Amino acid sequence: MIIGLTGSIASGKSTVAKMLEGYDLPIVDADLVARQVVEPGTETLAKIAEAFGEGVIKKDGTMDREKVGSIIFHEPAKRKMLNDIIHPAIRVEMIRQKEEYLKQGAPHVIMDIPLLFESKLQHFVEKILVVSVKEKVQLERLMKRNLLSEEEAKARIASQLPISVKEKGADAVIYNNGDIETTAQQLEAILKNWAII
Ligand SMILES: CC(C)(COP(=O)(O)OP(=O)(O)OC[C@H]1O[C@@H](n2cnc3c(N)ncnc32)[C@H](O)[C@@H]1O)[C@@H](O)C(=O)NCCC(=O)NCCS
Ligand SMILES: Nc1ncnc2c1ncn2[C@@H]1O[C@H](COP(=O)(O)OP(=O)(O)OP(=O)(O)O)[C@@H](O)[C@H]1O
């Protein structure tokens, strides 16, 4: 079964993905792929430099993620511009990795896709697992993890669909407002229900 793992920024997808790894389930991680496709020398990075200016490339040839983030999380038109360049490359690589796991005989593959709903990728997967969090907790965790001001953190949250919309499109929801153990218990119940463990 192909399972889409999604949620909102800092809702706890990576935390749940680590738990899934603990069940020996292979993960295709869109955030990781998004880094791979813009490595120095790639065609995608060249396109980004052309669109956003050479100023977004650091001296060592890597993309200045902080700079790109500060642009795209504040300007929807620029965000679309980046998405139009980078998303096709991410999709190709994610499909390649998924196929590779299936070829190796994996019965289940987890596709960790933060923007599954925003990019309308529901058809990519057979079941959708949403990691949800209350906005107050989300804001606190995001500010703490990324060392962002409240304003910056709110801009990032606002750049995605509301979590309530994602919950409606889910086959199962994990509410990650409490401690890690409570989240792990919810995950275990869902995996049992889906006959994955
Ligand atoms: C803007 C970039 C450079 C910021 O890098 P940074 O290291 O600060 O953040 P990171 O990549 O770890 O992303 C953190 C989270 O931000 C959110 N996010 C990232 N890109 C976007 C976007 N285009 N729109 C909305 N939310 C986004 C996601 O929830 C993601 O999990 C980077 O996120 C990026 O290249 N984004 C475009 C690719 C993309 O859409 N990635 C999301 C998964 S497909
Ligand atoms: N139940 C929890 N209790 C306390 N802290 C948590 C819990 N779940 C996640 N966190 C912390 O909150 C932050 C966000 O979690 P995580 O990185 O898993 O979110 P994410 O959805 O993968 O984020 P992103 O979309 O930005 O990649 C991290 O610092 C993580 O350690």
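These numbers come from the heavy atoms of this one structure, side chains and all, not from hydrogens, waters or symmetry mates. In each ligand, atom 1 is the first atom listed, and ligand 1 is the first ligand listed. Numbering starts at 1 and runs along the sequence shown. Given the structure is predicted, the values throughout are model-derived calculations rather than measurements.
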What are the atoms of ligand 1, with element, lying closer than 4.0 Å to any heavy atom of [X]?
X: P114; value: 28 (C), 29 (O), 31 (O), 43 (C)
X: I72; value: 1 (C), 23 (N)
X: R79; value: 23 (N), 24 (N)
X: S159; value: 25 (C), 26 (N)
X: M63; value: 3 (C), 35 (O)

Q. Is a side-chain donor-acceptor pair under 3.5 Å present for Q97 with Q36?
A.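 Judged by distance alone, the side chains do pair up.
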Q: Would you kindly say whether E152 and S149 are connected by a side-chain donor-acceptor distance under 3.5 Å?
A: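 Yes, a side-chain donor-acceptor pair sits under 3.5 Å.
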Can you tell me which residue and heavy atom of the protein come closest to [atom], and the distance to 0.1 Å?
atom: atom 3 (N) of ligand 2; result: R141 NH2, 3.2 Å
atom: atom 12 (O) of ligand 1; result: R35 NH2, 3.5 Å
atom: atom 22 (O) of ligand 2; result: S14 OG, 2.6 Å
atom: atom 44 (S) of ligand 1; result: A30 CB, 3.9 Å
atom: atom 29 (O) of ligand 1; result: Q160 NE2, 2.8 Å
atom: atom 23 (N) of ligand 1; result: N83 OD1, 2.8 Å
atom: atom 19 (O) of ligand 2; result: G12 N, 3.1 Å
atom: atom 39 (C) of ligand 1; result: H87 NE2, 3.6 Å
atom: atom 2 (C) of ligand 1; result: R65 NH2, 4.3 Å
atom: atom 8 (N) of ligand 2; result: N176 ND2, 3.0 Å
atom: atom 36 (N) of ligand 1; result: L82 CD2, 4.0 Å
atom: atom 22 (C) of ligand 1; result: L115 CD1, 3.7 Å
atom: atom 9 (C) of ligand 2; result: T15 OG1, 3.4 Å

Atoms in ligand 2 flagged as close to [X], the criterion being non-hydrogen separation under 4.0 Å:
X: G178; value: 1 (N), 2 (C), 3 (N)
X: D31; value: 27 (O)
X: K13; value: 18 (O), 19 (O), 20 (P), 21 (O), 22 (O), 23 (O), 24 (P), 25 (O)

Using heavy-atom distances, let me know which of [options] sits nearest [atom].
atom: atom 17 (O) of ligand 2; options: R145, K144, Q138; answer: R145
atom: atom 8 (O) of ligand 1; options: E66, R156, E118; answer: R156
atom: atom 41 (N) of ligand 1; options: D31, I9, I86; answer: D31

Kindly check if the number of other-residue, nucleotide or ligand heavy atoms within 6.0 Å of [atom1] ([X]) is above 12?
X: Q104; atom1: CD; result: yes
X: E75; atom1: CD; result: yes
X: K58; atom1: NZ; result: yes
X: E99; atom1: CD; result: yes

Q.
Quick one, K166 and S132 - any side-chain contact, counting heavy atoms below 4.5 Å?
A.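 No, their side chains stay 4.5 Å or more apart.
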So, 4.0 Å and heavy atoms of [X]: is ligand 2 close enough to count as a contact?
X: A17; value: no
X: P114; value: no
X: G7; value: no

Q. If you measure from the Lys or Arg side-chain nitrogens to the Asp or Glu carboxylate oxygens, is any gap between K154 and E150 under 4.0 Å?
A.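 Yes.
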Q. Any N or O of S8 that comes nearer than 3.5 Å to an N or O of ligand 1?
A.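 Looking only at distances, the answer is no, because the N/O contact criterion of under 3.5 Å is not met.
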(Q) I need the L5 CG to I27 CD1 distance, nearest 0.5 Å. (A)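 Reported value, rounded in 0.5 Å steps: 7.0 Å.
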Q | Criterion side-chain contact (heavy atoms from CB on, under 4.5 Å) on F124 and M111, from CA distance to verdict | A | CA-CA 9 Å; F124 253 47; M111 309 280 277; 4.1 Å; yes
